Every structure is written in C-alpha cells, then in structure tokens.
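First the structure, in the form of structure tokens, and then the observations on it.
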Amino acid sequence: MEKKVVSIINEMSESLSIGQLRVLQKTMLKHLCESGPTREQMPNEDYLQLFLDSKRIEGCSDRTLSYYRSTIVHFMTCISEPVRMVNTEIIRSYLADYRSRNNCTNVTIDNVRRNISSFFSWLEEEDYILKSPMRRIHKIKTKKDVKEIITDEEIELLRDNCKEARDLAIIDFLYSTGVRVGELVRLNVSDIDFDNRECIVLGKGGIERKVYFDAKAKIHLHEYLLTRKDRNPALFVSLDAPHERLNVSGVEIRLRNLGKASNLQRIHPHRFRRTMATRAIDKGMPVEQVQKLLGHSQIDTTMQYAVVSQKNIKSSHQKYIS
C-alpha cells in the first residue's frame with residue numbers, strides 16, 4: 001500500500017507544492033495503510049525508498065540520490081535492527097567500524113555521517129520515529145585545506161594547450177560564469193544571449209538563474225559554433241560523430257587532460273567555479289552578488305568557495321595598518 005502512496009505522490013508532484021505533497025503523503029499513509037503492515041512491520045528498504053522519493057520531490061539530483069542510497073544501504077546491511085529501533089550507540093559503533101575497516105579520512109567519515117543524519121532527520125520529521133539518534137553525533141572535525149584557484153598564468157597555459165575550439169570555449173565560459181559543470185552540459189545554443197552576453201542556467205533544485213560571460217568567452221563561443229556541422233541543440237557536444245550532448249564526465253576528463261598537457265595539477269570544473277568567486281570578491285564585488293551568481297541558497301556556502309588572496313591581505317595591511 002505504501003508503494004501505491006508513493007506512486008500517487010510522484011504523479012501529483014507537478015501539480016502540488018512540496019508542502020502540500022508532504023501533507024498528502026501523511027494523510028494517505030494514515031488512512032489507507034491501517035489495514036496493511038504497521039510501521040513496526042515495514043522493512044528498512046521501504047523507509048529508504050520513501051526517503052529517496054521525498055528527496056527526489058525536493059529536487060535532489062540523480063547523483064545525490066545515488067549517494068544517499070549507497071551510503072544508507074551499506075549502513076542497513078551492517079545493522080540487525082529495524083531503523084526505527086536504531087539508537088545513538090549503534091550508529092557510533094558503525095561509524096567507528098567504518099573508519100577502521102576502510103582507513104578513511106575524517107572528510108569521508110563525516111560525509112557518511114551527514115547522509116545517515118539526513119535519513120534519520122527525515123524519519124523524525126515524518127513522525128516515523130520520535131527522535132533522531134543522530135542528534136548526539138556531532139560534525140566530525142576535518143582539516144580545512146586552502147583550496148587552490150587557477151592563476152592568470154595557469155589559465156593562459158590552459159588556453160595555449162587547447163587544440164579544439166570547443167575546449168577553448170568551455171574554459172573561458174567556465175572561467176567567466178562560474179557555473180556548475182552540470183549546468184554547463186544542460187545548456188542549449190538557444191539559451192545563449194550573445195548580444196547581452198548572458199544566459200539562464202538550471203541550477204540545483206530546478207531553480208533558474210541568470211549568469212554572464214565576458215567578451216573573450218563570447219568570441220570563442222562564436223568561433224566554436226561556426227565549426228559545428230551537426231544539428232544537436234546542445235551548446236557543447238562530443239567531437240566525434242554523432243556529436244552527442246557532452247556529459248559531466250566528458251568535461252571533467254577533458255579538463256584533466258588539458259591540465260596534464262599544461263603541467264598543472266587538479267584542473268577540474270569546480271576549480272573554475274571557485275576561481276570566479278575568489279576573483280569577484282577580491283575585486284570588490286559584494287558577496288551577496290557573488291552568492292546570486294553562483295546560485296547558493298546560503299551565503300556561508302559562498303564564503304567557503306571564495307579564497308581571499310594573500311597578496312590582497314598584504315596590500316590591505318600596508319594600507320590600513322603599516
């Protein structure tokens with residue numbers, strides 16, 4: 001019966017808001033499942049499926065849902081209790097054993113903790129449990145390394161090693177817009193407003209936002225599109241026939257290879273995004289505007305992306321203190 005409820009919820013997802021869908025789901029479960037299995041009899045897998053369906057309605061990507069699933073399935077296979085009976089000690093023991101078996105870093109184990117916490121928080125919010133056992137398991141401290149950005153010299157090296165017009169267009173588009181790689185590959189040629197050097201991207205949670213690109217990106221986009229002989233509507237396509245829409249892994253592999261050809265380490269799409277945020281803040285753009293450009297719901301997330309350059313700190317020290 002609960003699977004039928006989920007099916008109905010999915011069908012209604014385009015007509016109702018998230019809040020309305022939650023109310024509908026609770027009401028249907030309350031009145032339709034009384035003759036079926038009780039909550040105590042529901043297998044762990046059913047709770048997981050309901051959780052994933054809820055996250056899908058909220059707009060989580062397939063990649064995020066897959067990460068949730070793999071993390072929680074592994075947790076469930078390592079415990080013998082129903083999830084409604086899991087306590088804090090069981091989870092602590094699991095996390096400690098996970099760290100020991102996999103010899104993983106604090107960053108990895110905290111990611112596992114966060115996913116499990118999301119699951120139990122959802123169980124609590126949906127009244128499947130009275131209180132999440134994760135409440136007393138706090139964030140695991142991790143070493144915060146200074147994230148490197150792409151320097152002016154490095155971006156020129158990458159440009160010089162581009163043998164394809166497409167790759168040069170990708171580099172300059174990422175460098176000037178700071179879009180996510182998933183947003184980049186979803187763009188169509190028709191989305192680009194060359195006159196105003198702007199376009200609308202579809203971000204996380206299905207939220208649209210406007211981003212802007214510079215003159216160099218405009219020129220290289222134009223030059224790339226002139227080389228195209230296919231009719232694919234995608235802005236960026238594979239180099240070989242049948243010229244399919246470029247996917248996330250395709251962009252990541254291409255940038256990594258360009259980095260190696262330029263004798264540069266850790267060149268990936270996200271580094272371009274962090275570089276754009278850092279450059280904008282260093283040049284005086286208000287962080288609220290950078291937040292808008294990046295599509296962050298929380299300004300704290302924007303601040304984590306932005307790395308204040310040491311050169312600017314020294315200059316400010318000389319100006320205001322020395």
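Positions are given from 1, in the same order as the sequence printed here. On a predicted model such as this, the values are computed, not experimentally measured, just so you know.
Taking the charged nitrogens against the carboxylate oxygens, R209 and E183 do have a contact shorter than 4.0 Å, which makes a salt bridge. Under the 4.0 Å criterion applied to side-chain N and carboxylate O atoms, R228 and D230 are assigned as salt-bridge partners. Between K131 and E124, no side-chain nitrogen of the basic residue sits less than 4.0 Å from a carboxylate oxygen of the acidic one, so the salt-bridge criterion is not met. Under a 4.0 Å N-O distance rule, the pair R186/D191 does not qualify as a salt bridge. Between D97 and R101 there is a salt bridge, with a side-chain nitrogen of the basic residue lying less than 4.0 Å from a carboxylate oxygen of the acidic one. Salt-bridge check for D214 with R197: failed, with every basic side-chain N at 4.0 Å or more from each acidic carboxylate O. Here D53 pairs with R56 in a salt bridge; the nearest charged N to carboxylate O distance falls below 4.0 Å.
Closest approach of I155 and I150 over heavy atoms only: N-CG2, 3.8 Å. Residue V248 comes nearest to R63 through the heavy atom pair CG1-NH1, 4.0 Å, listed as atom of the first residue, atom of the second, then distance. Nearest heavy atoms, N161 versus A261: OD1-O, 3.6 Å.
Between the side chain of E154 and the backbone N or O of T151, at least one donor-acceptor pair lies under 3.5 Å. The backbone N or O of V237 sits less than 3.5 Å from a side-chain atom of R166, completing a donor-acceptor pair. For S238 (side chain) and E244 (main-chain N/O), a donor-acceptor pair under 3.5 Å exists by modelled atom type. Of the possible donor and acceptor atoms, one in the side chain of S262 sits under 3.5 Å from a partner among the backbone N and O of L258.
In this structure, L130 places its CG atom where only 12 or fewer heavy-atom neighbours from other residues, nucleotides or ligands lie under 6.0 Å away. A 6.0 Å sphere centred on CG of D62 holds no more than 12 heavy atoms belonging to other residues, nucleotides or ligands. With a 6.0 Å radius and a threshold of 12 heavy atoms from other residues, nucleotides or ligands, Q265 has its CD atom at or below the threshold.
Checked by atom type, the side-chain pair N111/R114 shows a donor-acceptor distance below 3.5 Å. Side-chain contact annotation: T275 with T278, donor-acceptor N/O pair under 3.5 Å absent. Side-chain contact annotation: R245 with N188, donor-acceptor N/O pair under 3.5 Å present.
Using cut-offs of 30° and 60° for the angle between ring planes, the F120 and F75 rings count as perpendicular. By the 30° and 60° cut-offs, the orientation of the rings of F51 relative to Y68 is perpendicular.
Rounding to the nearest 0.5 Å places CG of L168 at 7.5 Å from CD of E223. Atom CZ of R113 sits about 11.5 Å away from atom CG of N106, to the nearest 0.5 Å. Distance check, rounded to the nearest 0.5 Å: CD1 of I192 to NE2 of H222 gives 10.5 Å. For the atom pair T301 OG1 and L294 CG, the distance stands at 10.0 Å (nearest 0.5 Å).
For the pair E252 and P269, the minimum side-chain heavy-atom distance is below 4.5 Å. The side-chain heavy atoms of D193 and Y212, taken from C-beta on, include no pair separated by under 4.5 Å.
The ring of F173 has its center no closer than 6.0 angstrom to the ring center of H220. Y128 has its ring centre less than 6.0 Å from the ring centre of W122.
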